[in-house]
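Structure, as structure tokens:
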Amino acid sequence: MRLVSDPSIATKIRKMKDRMQWGNPLIQERGIDQTRFVLEDGQEENPEFSFLVIGDSGSGSHQGDNPQRRIAVEMLAHRPDCRFVLHTGDVIYMVGSSEFYYKNFINPYREFLVGGEHPKKIPYNQMVFNTPILPVLGNHDYYDLPLLFGLIAQSVRPLRRLLELKLDLDVGWHGSFQGQAYAKAFLDYLCAFDSPEALATHLDRHYTAKTETGRCLSYQPGTFTRLPNRYYTFRAGGIDFFALDSNTFNVPPPLPETEAGDRFRESLETRRQELEREKEAILTASAQVKGTSPDETEKLDDLRTKFSQVEEMKVDIDKQLASPESAIVDVEQLEWLRKSLIESWQTEGVRGRVLFFHHPPYVTEKTKWYQAQTLAVRLRLRRVLDEVSEAIGPLSQGRPIVDLVLNGHAHCFEHLQTLDTGHADANTNWIVCGGSGFSLRRQRVEGPELTEVFPLDGNMRSVARSTLFIGRNGYGSEKRRPYSFMRVDVQAGTPPKFRIRPFAVEMYRHEWQTHALKPFLV
């Protein structure tokens, strides 16, 4: 049985537009830019500032421990010095359900929330942050449960135990309702207003900030901390930040209706059947784990990690096998990014640009480099950056179009640098920060060098190199699980420099250790 269902891209776009009242006449007549906010924290002009980054964190306590909470506690020492926290997606596992927001988000990050001293009293759809947590949607934040699974899992307890066994998958009655839970938790959920008058009053109260693109939402820590849209931009210290929803441009192109395409389709279907058998074997193995000793808890963690990996690989295959009608791409968002980057380069006082979104275009985590979604995101982002490069011409003075790209999805911490890719994503720094609480993964056995076939000559060439990888490693008694987050110190000057400070909370030999890794400049 399929554990998760992923809405179509067309459904994701339509549902989110409805929730945000996208293009409502009351919004248009006020000249409001629904993709932008101004961070009203009194530090707008300071070119030196810091922020934190986490990702793929949304797991609760399992077998008596909670890696996400351990990461949150370590973050507290940096909170007074950091303006905000960027979250690279997968806020709630397994299926973005509202019923897991307390366990998997509010309680772990309670100190970042107004009223966090009494976290059980905070409704998930009324959160106010004293330190901004600015997320993007991950794939799990969009997932839903097949109806039959939800009914079985909750209404028939013995069958649920047979289905989940001891893996503790954070599955309840339902899923995200096609991203609704995330929208109610973090976005300005404008469809909740039951009259034009109520909506107009809200807009005039909270959309008071002004930028070169018009009026926009005023984000006020401690008072009003809603985001304007599923993708958005804001400026801090002369740096433009662009948050994207990569779930709507990660679909692989349809398989060709050729003999070679048919053979590849058959190989995918065979691989999917193999993965289904692997999942059944994992469930059987978990049933044989007895007791709650440290060794047995570790076995369950390994099985849970393998189970989630198999489920992800099945979803990726399903996307490749989907009908051509499913291969819709979010052209509107990509066009917004193109125009916004061009405007950013043409705006006086903007000295740098940071992108953050869920699916990494470059990564060496063992389950992600080979996913069709990885390639789809890379090619579409390249196309946008190439168009921006052509539009701004000599204005870039040889600099990369963006100074830093932050991603999640791969459950690790990784720093990569692109080489000469033949595109405008060359010589760029990419950091994957997706190891902040859920199911760590290993690096691929092929190592840190990433290669690609260049279409002009058909030769295989290096396109990127991983310089640092922090993830599950070692075996047996030497197995290590280093969960991670990072602090970024933005330095003054143009182009800006970013001092990256990775931190890890590691499980090793059944004990937790904390590490501050060596900082590096990008």
Side-chain angles (χ1 to χ4, degrees), residues 35-58 68 71-89 91 105-106 108-114 116 127-138 182 185-188 206 209 211 216-244 350-358 402-408 431 433-434 436 484-492 496 498-503:
T35 65
R36 191 161 191 167
F37 73 84
V38 171
L39 180 57
E40 307 276 10
D41 63 354
Q43 303 183 53
E44 294 88 346
E45 302 304 320
N46 189 351
E48 294 192 346
F49 64 96
S50 301
F51 61 93
L52 301 173
V53 184
I54 54 176
D56 296 79
S57 62
Q68 179 180 204
I71 286 289
V73 169
E74 294 300 318
M75 290 165 58
L76 293 177
H78 304 273
R79 188 166 66 106
D81 304 324
C82 292
R83 292 188 67 177
F84 49 82
V85 181
L86 301 185
H87 195 300
T88 61
V91 178
F105 186 84
I106 293 172
Y109 301 115
R110 53 187 178 267
E111 290 88 356
F112 293 79
L113 288 158
V114 173
M127 294 187 295
V128 178
F129 296 99
N130 49 46
T131 299
I133 295 182
L134 309 174
V136 291
L137 282 142
Y182 176 97
F186 297 105
L187 306 186
D188 198 15
H206 294 293
T211 71
C216 66
L217 186 147
S218 174
Y219 189 106
Q220 300 174 345
T223 303
F224 182 81
T225 55
R226 291 278 160 172
L227 297 171
N229 191 28
R230 64 187 173 92
Y231 56 91
Y232 56 90
T233 183
F234 68 99
R235 186 170 298 159
I239 307 295
D240 277 348
F241 290 80
F242 300 90
L244 307 179
V350 176
R351 59 195 185 93
R353 281 143 287 273
V354 174
L355 299 185
F356 65 107
F357 53 95
H358 189 57
V402 293
D403 298 279
L404 183 62
V405 184
L406 307 173
N407 301 113
I431 295 180
C433 190
S436 303
S484 54
F485 72 98
M486 73 171 175
R487 172 173 170 161
V488 181
D489 299 323
V490 184
Q491 300 182 355
F498 302 87
R499 183 171 180 252
I500 309 299
R501 300 169 60 184
F503 296 87

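- Side chain of Ser436 to main chain of Gly55: a donor-acceptor pair is present (N/O by atom type, distance under 3.5 Å, no hydrogens or angles).
- Atom CZ of Phe498 is separated from atom CD1 of Ile239 by 4.5 Å, given to the nearest 0.5 angstrom.
- To the nearest 0.5 Å, the span separating CG on Leu113 from CD1 on Ile133 amounts to 6.0 Å.
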Checking side-chain hydrogen bond (donor to acceptor under 3.5 Å, both in side chains) for the pair His206/Ser218: CA distance, chi angles, key distance, verdict?
-> CA-CA 6 Å; His206 294 293; Ser218 174; over 6 Å; no
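- The backbone N or O of Gln491 sits nowhere less than 3.5 Å from a side-chain atom of Glu48 that would complete a donor-acceptor pair.
- In this structure, the side chains of Arg235 and Val350 come closer than 4.5 Å at one or more pairs of heavy atoms.
- Scanning both residues, Gly352 and Asp403, for their nearest heavy atoms gives CA-OD2, 3.0 Å.
- Contact annotation: the side chain of Arg226 never approaches that of Phe37 to less than 4.5 Å [non-hydrogen atoms, C-beta and beyond].
- Aromatic ring pairs are classed by plane angle as parallel below 30°, tilted from 30° to 60° and perpendicular above 60°; the pair Tyr182 and Phe186 is tilted.
- Side-chain contact between Leu217 and Arg36 is absent, with no heavy atoms from C-beta onward closer than 4.5 Å.
- Under 4.0 Å is where a charged nitrogen must lie from a carboxylate oxygen, and between Arg353 and Asp240 no such pair does.
- Checked by atom type and distance alone, the side chain of Asp188 never pairs as donor or acceptor with a backbone atom of Leu227 at under 3.5 Å.
- Considering only heavy atoms from C-beta on, Tyr232 stays 4.5 Å or farther from Leu244 through its side chain.
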Residue pair Leu404, Ile431: steps toward the side-chain contact (heavy atoms from CB on, under 4.5 Å) verdict | CA-CA 8 Å; Leu404 183 62; Ile431 295 180; 4.0 Å; yes
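- Atom CG of residue Leu39 and atom CG of residue Leu134 lie 7.0 Å apart, to the nearest 0.5 angstrom.
- Counting only distance, with no hydrogens or angles, the side chain of Thr225 and the backbone of Phe129 share a donor-acceptor pair below 3.5 Å.
- Between the side chains of His358 and Thr88, not a single donor N or O lies within less than 3.5 Å of an accepting N or O.
- For the residue pair Ser50 and Asp489, a side-chain donor N or O sits within less than 3.5 Å of a side-chain acceptor on the partner.
- Ring geometry for Phe241 versus Phe51: interplanar angle over 60°, hence perpendicular rather than tilted (30 to 60°).
- In summary, Arg487 and Asp81 engage in a salt bridge, as defined by a charged side-chain N under 4.0 Å from a carboxylate O.
- Rounding to the nearest 0.5 Å places CD1 of Ile71 at 6.0 Å from CZ of Phe485.
- Using a 4.5 Å cut-off on side-chain heavy atoms (C-beta onward), Pro228 and Thr35 make no contact.
- Ring pair Phe234/Phe84: centre-to-centre distance below 6.0 Å.
- Ala72 approaches Phe112 most closely through the heavy-atom pair O-CE1, 4.4 Å.
- A 4.5 Å side-chain heavy-atom check between Met75 and Val85 finds at least one atom pair inside the cut-off.
- You'll find the side chain of Phe503 stays beyond 4.5 Å of the side chain of Ser484, heavy atoms only.
- Tyr109 places a side-chain heavy atom less than 4.5 Å from the side chain of Ser57.
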Would you please test Leu52 and Met486 for side-chain contact (heavy atoms from CB on, under 4.5 Å) and show each step?
-> CA-CA 6 Å; Leu52 301 173; Met486 73 171 175; over 6 Å; no
So Val38 and Thr211, side-chain contact (heavy atoms from CB on, under 4.5 Å) or not? Walk me through it.
-> CA-CA 8 Å; Val38 171; Thr211 71; 3.7 Å; yes
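- If you check the side chains of Asn130 and Arg79, you find a donor sitting under 3.5 Å from an acceptor.
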Could you check Phe356 against Asn407 for side-chain contact (heavy atoms from CB on, under 4.5 Å), going step by step and ending with a plain yes or no?
-> CA-CA 6 Å; Phe356 65 107; Asn407 301 113; over 6 Å; no
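- When atom types are taken as modelled, the side chain of Arg83 and the backbone of Gln43 share a donor-acceptor pair closer than 3.5 angstrom.
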